[in-house]
Amino acid sequence: MTTLRIGNASGFYGDRFDAMREMLTGGELDVLTGDYLAELTMLILGRDRLKDPAAGYARTFLRQLEECLGLAHERGVRIVTNAGGLNPAGLADAVGRLADRLEIPVRVAHVAGDDLTAAHPGSLAAHAYLGGFGITECLRAGADVVVTGRVTDAALVTGPAAAHFGWSATEYDRLAGAVAAGHVLECGAQATGGNYAFFRDGDARRPGFPLAELHEDGSCVITKHPGTGGFVDVGTVTAQLLYETAGARYAGPDVTARLDSVRLSQDGPDRVRIEGVRGEAPPPTLKVGLNRLGGFRNEVVFVLTGLDIEAKAALVRDQMEPALGKVADVRWELARTDRSDAPTEETASALLRLVVRDPDQGAVGRALSGAAVELALASYPGFHVVTPPGKGSPYGVFEDVYVPHGSVDHVAVLHDGRRIPVPPAHDTVVLEAVPEPPLPEPPEPGPTRRASLGLVAGARSGDKGGNANVGVWARTDDAWRWLAHELTADRFRELIPESRELTVVRHALPNLRALNFVVEGILGAGVAAQHRFDPQAKALGEWLRSRHLEIPEALL
């Protein structure tokens, strides 16, 4: 059958508004996807739903569709999105009303069954990560727009691919290839030069959005529309393949994709071929993301300027201590951003950050804020804060649990109201770690120079609940021979002191010349809890790249 061209116009709720129009007008497409959901987004939508039971979906998508639904219909492009969030039925109804108002004859379907909130008392939102076959059923029945709630990000691609090529639920290699394509597309411009370690390799000022040319055997080519910004090369695709993954087995509800089997090759300018992906039966359980309110949080950032930075920090900590005695969680962080003999006041200043959390808003609210404000004329010389402290705001906690496939009622709700049950996976395999693969021979000993790791390796990092992953890859075979032996889990802990008391697991992926590190617990209770300075670990990889170690001069 013909190649299926799937593009993506959104990597998160708040992504570039014009991307949908750009993707519809920039070149040929068969399907346009939009990924609007993340762990934090589900919490935000849950809070929206508390205020308005009819809410709970990404309203931005509706505004985009008002401009673009006619375009998609004229060009025969089907739209598949998880913008339904906590309320896919509500969004599907809203899309139907929009189409009627615009007099555009489209069929709107949605996928239901992911909402398990009632089965998890105390959670604000509890949603299972569904696979792509609900989307498949909607498209096979003729839907022009398919709205889902919480599905895996890659399901937005596997669902249309299975519908187009007629794949069965046990064609694991083909499905795994589509998972790889979907994982590359899901974060939008991150596959086309956005957030890329070697961003100076091309023009990254306004990256275009990516698309995949999928083939019946599961292989694909990642590319972008002609004339759009950014660039697509083996490095940008490698970076996105490593993003928010862990070991060689990348498990999902439809298939477990073997990332250690992925082969990448440059197929021309802005074209990267993905092939050889092997798949296995999925695990016997589905992941369920639980979001709940964890309590209240407040923050004060004191600015310390000039001399005696450490003594000033000690003074204000002592002065604040009486107001902190009953607070459940108190964290102080001193960022020494100051310089000696600085040419500007800002560069002469350090930042002392106080973060407090407690189940009781009163404990971290005005009493704490008042204590900080009262020091304005009675503390260290030069006292001021970045912004006035507030009354304390609620924060969220994320955790994941697992349930059997059969405990979820996965249903495709068609445009005419018919409901088609989607059966659970027939074959499953308990997920196990892959044995450590053989590594290349280390390079011959030679002269070294102390330099930044980032001169010879790229990295991309992200969050999964309370854990962070850091994918590190080499750009050449010689650099890989060195990296595979030098950057052990112990060396990682040395370079990232914050991880020294935590579990760090290293996974090697020789086909990608890559190492993937999982740092367990570094993000506490997840992004919504804002446990650390960079709560989603987005820049953890760049911090690692900036660290110095002995590198063979032949690689520099």
Side-chain angles (χ1 to χ4, degrees), residues 31 33-37 42 45-46 49 53-54 56-58 61 78-96 106-120 123 125-164 166-170 175 178 182 252-255 282-290 401-428:
V31 177
T33 68
D35 181 5
Y36 292 79
L37 300 185
M42 299 298 278
L45 294 177
R49 191 170 59 174
Y57 55 78
F61 172 74
R78 293 165 132 181
I79 296 176
V80 179
T81 180
N82 62 15
L86 278 58
N87 188 6
L91 179 56
D93 288 344
V95 173
V106 297
R107 291 161 292 193
V108 184
H110 72 276
V111 176
D114 61 300
D115 192 347
L116 302 181
T117 305
H120 294 84
S123 63
H127 290 258
Y129 288 70
L130 302 180
F133 279 96
I135 297 170
T136 301
E137 292 292 348
C138 292
L139 293 173
R140 285 175 176 167
D144 302 297
V145 178
V146 181
V147 173
T148 79
R150 179 76 276 185
V151 295
T152 63
D153 300 335
L156 301 178
V157 170
T158 61
H164 181 80
W167 294 339
S168 73
T170 56
L175 288 168
D254 298 321
V255 63
T285 56
L286 296 176
K287 177 180 173 180
V288 179
L290 301 182
V401 298
Y402 292 84
V403 299
H405 279 260
S407 65
V408 175
D409 295 323
H410 189 178
V411 178
V413 184
L414 306 185
H415 61 280
D416 57 8
R418 284 181 295 147
R419 300 173 68 88
I420 300 180
V422 179
H426 183 270
D427 299 318
T428 62

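Computed from a predicted structure; not experimentally measured.
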Do [X] and [Y] have side chains that approach each other closer than 4.5 Å (heavy atoms only, starting at C-beta)?
X	Y	result
H127	L86	yes
V408	P424	no
L37	L45	yes
V111	V146	yes
V401	H120	yes

[X] side-chain N/O to [Y] backbone N/O, donor-acceptor pair under 3.5 Å:
X	Y	value
T285	V403	no
N87	A54	yes
R107	H415	no

Nearest 0.5 Å, please: how far is [atom2] in [Y] from [atom1] in [X]?
X	Y	atom1	atom2	value
R150	L286	CZ	CG	12.5 Å
F61	N82	CZ	CG	10.0 Å
R49	M42	CZ	CE	8.5 Å
H405	D254	NE2	CG	8.5 Å
D144	L139	CG	CG	9.5 Å
Y57	T81	OH	OG1	13.0 Å

Closest approach of [X] and [Y], non-hydrogen atoms and distance?
X	Y	answer
G131	H410	O-CE1, 3.8 Å
V80	P160	CG2-CG, 4.1 Å
T136	A162	OG1-CB, 3.6 Å
A109	L414	CB-CA, 4.0 Å
G289	Y129	N-CE1, 3.8 Å
A425	T428	CB-CG2, 4.1 Å

**OP:** Check the pair D35 / L156 against side-chain contact (heavy atoms from CB on, under 4.5 Å), numbers first and verdict last.
**Re:** CA-CA 8 Å; D35 181 5; L156 301 178; 4.1 Å; yes

Original post:
Is atom CG of D409 surrounded by more than 12 heavy atoms (other residues, nucleotides or ligands) closer than 6.0 Å?
Top reply: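 Counting other residues, nucleotides and ligands, CG of D409 stays at 12 neighbours or fewer.
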
